[in-house]
Amino acid sequence: GKPMPEFPPTHEQQTILDAVKTTKANLMIRARAGCGKTTMLELIDAAEKTQPYLLMCFNKAIATEAEKRMRSATTVRTFNSLGHKIWAAAVDRRLTLAKTKIRDIFKGIVDEASRSDRSQLWSMYDSVLNATSIARNIGYIPPKHVKSHKSLCDFRAVERLLDETLLPEAEALIDKILILSIAQAYEGVIDFTDQVYMPALFGGTYPSFPVVLVDEYQDLSP
């Protein structure tokens with residue numbers, strides 16, 4: 001393990017360290033800008049001598065930096081990298097990252113439509129892709145999907161987060177895109193959003209740790 005940082009903890013830091021040692025409850029630490037948030041995570045990690053911790057970070061840059069500061073026994077992951085591993089194991093295949101997956105599915109639907117319908121479909125492109133992104137980020141599964149009972153919300157929750165009112169046919173189009181996207185994910189074709197969306201809602205075996213530290217907790221969605 002790495003040595004403790006070379007300074008005595010502040011009163012606030014010591015209070016947090018005592019709480020981590022004495023309770024199994026979830027703890028939320030409010031860290032103002034410039035208050036040494038990463039240092040606090042490092043102190044919590046360094047105080048543990050044996051047990052493996054998990055530190056969840058929001059992006060690769062933060063995770064790479066954190067890895068240098070945490071114990072070798074501590075696993076540092078982004079939400080996406082952890083989800084990627086869980087989903088790859090769940091479908092038992094090597095995953096292909098297709099960044100333009102949703103756009104490609106939309107284009108496929110347009111190509112299959114009659115010529116007279118294509119211009120209207122393209123006119124909905126931006127609003128449909130935006131709504132599809134929001135839908136996956138808040139855990140929406142189309143009602144016609146076999147796993148719809150795992151949905152965290154209904155389509156009205158998606159609409160409430162949009163800046164515009166969707167055309168009536170947009171909801172059916174979004175549902176169609178999502179069902180095709182989910183099917184592709186089971187075949188091993190995913191995008192960045194799928195890395196979190198698929199294991200969170202469609203299953204997988206999550207690794208277990210005695211303590212999970214989350215960087216930037218306030219940015220989490222359900």
Before giving the answer on side chain to side chain contact (heavy atoms under 4.5 Å, CB included), spell out for T75 and L55 the whole-Å C-alpha distance, their side-chain angles and the decisive distance to 0.1 Å.
CA-CA 6 Å; T75 299; L55 171 61; over 6 Å; no
Share the residues that join M56 in a hydrophobic cluster, the rule being Ile, Leu, Val, Met, Phe, Trp or Tyr side chains under 4.5 Å apart at the heavy-atom level.
M28, L54, F58, F79, L82, I86, V196, Y206, F209, V212, V214, Y217, L220
Do the side chains of [X] and [Y] join up, straight or via other hydrophobic residues, at under 4.5 Å, putting them in one cluster?
| X | Y | value |
| --- | --- | --- |
| V189 | L180 | no |
| I62 | L41 | no |
| I29 | V20 | yes |
| V158 | I179 | no |
| I105 | V110 | yes |

Pairwise salt bridge (charged side-chain N to carboxylate O under 4.0 Å, His left out) hits with a residue in [range], at least two apart:
| range | value |
| --- | --- |
| residues 140-149 | none |
| residues 198-212 | none |
| residues 107-116 | K107-D111 |

Going through the checks in order, is the side chain to side chain contact (heavy atoms under 4.5 Å, CB included) test met by Y53 and M70?
CA-CA 9 Å; Y53 281 7; M70 299 294 152; over 6 Å; no
Is there side-chain contact between [X] and [Y], with at least one heavy-atom pair below 4.5 Å?
| X | Y | result |
| --- | --- | --- |
| I138 | Y197 | no |
| L17 | P9 | yes |
| I102 | R136 | yes |

Main-chain N/O of E42 paired with R71 side-chain donor or acceptor, under 3.5 Å
no
Donor-acceptor pair, distance only, cut-off 3.5 Å: does the side chain of T22 make one with the backbone of D18?
yes
Should D191 and K99 count as an ion pair when the cut-off is N to O under 4.0 Å?
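Looking at K99 together with D191, the answer is no, because their closest N to O distance does not fall below 4.0 Å.
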Is there a side-chain hydrogen bond (donor to acceptor under 3.5 Å, both in side chains) between T78 and S81? Walk through the geometry before answering.
CA-CA 5 Å; T78 62; S81 68; 3.1 Å; yes
Residue pair [X] / [Y]: nearest heavy atoms and the distance that separates them:
| X | Y | result |
| --- | --- | --- |
| G139 | L201 | CA-CD1, 3.6 Å |
| P143 | S148 | O-OG, 3.3 Å |
| I182 | P142 | CD1-CD, 4.4 Å |
| K150 | G203 | NZ-N, 4.4 Å |
| D194 | P199 | O-CD, 3.4 Å |
| C57 | V76 | SG-CG1, 4.1 Å |

Rounded to the nearest 0.5 Å, what separation is found between the [atom1] atom of [X] and the [atom2] atom of [Y]?
| X | Y | atom1 | atom2 | answer |
| --- | --- | --- | --- | --- |
| W87 | D92 | CH2 | CG | 12.0 Å |
| I44 | T74 | CD1 | OG1 | 11.0 Å |
| L162 | S127 | CG | OG | 8.5 Å |
| M40 | D45 | CE | CG | 11.0 Å |
| L43 | I16 | CG | CD1 | 9.0 Å |
| E65 | K60 | CD | NZ | 12.0 Å |

Just to verify, what does E169 make a salt bridge (charged side-chain N to carboxylate O under 4.0 Å, His left out) with, not counting sequence neighbours?
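Listed in chain order: nothing, the list is empty.
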Going by atom types alone, do E48 and T50 pair a side-chain donor with an acceptor below 3.5 Å?
yes
Between the side chains of D117 and S114, is a donor N or O closer than 3.5 angstrom to an acceptor N or O?
yes
Where at least one partner belongs to residues 170-182, residue pairs that pass side chain to side chain donor-acceptor pair (under 3.5 Å), sequence neighbours excluded
K101-S181, Y140-D175, R156-E171
Restricting to pairs with a member in residues 27-37, which pass side chain to side chain donor-acceptor pair (under 3.5 Å), not counting sequence neighbours?
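Sorted result for residues 27-37: K37-D215.
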Residues which pass ring pair (Phe, Tyr, Trp, His ring centres under 6.0 Å) with H84, listed by chain and number, not counting sequence neighbours:
none
Per the ring pair (Phe, Tyr, Trp, His ring centres under 6.0 Å) rule, what does the pair list look like for residues 8-47, sequence neighbours excluded?
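Every candidate ring pair (Phe, Tyr, Trp, His ring centres under 6.0 Å) pair involving residues 8-47 fails, so no pair, neighbours aside, qualifies.
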Report the residues that fulfil side chain to side chain contact (heavy atoms under 4.5 Å, CB included) with [X], sequence neighbours left out, ordered by chain and then residue number.
| X | value |
| --- | --- |
| L173 | F106, I109, L121, M124, V128, I177 |
| T96 | none |
| D104 | T100 |

From CA spacing to verdict: side chain to side chain contact (heavy atoms under 4.5 Å, CB included), T132, N137
CA-CA 9 Å; T132 302; N137 280 318; over 6 Å; no
Applying side chain to side chain contact (heavy atoms under 4.5 Å, CB included), run through L166 and I174 and close with a yes or a no.
CA-CA 11 Å; L166 291 172; I174 290 159; 3.9 Å; yes
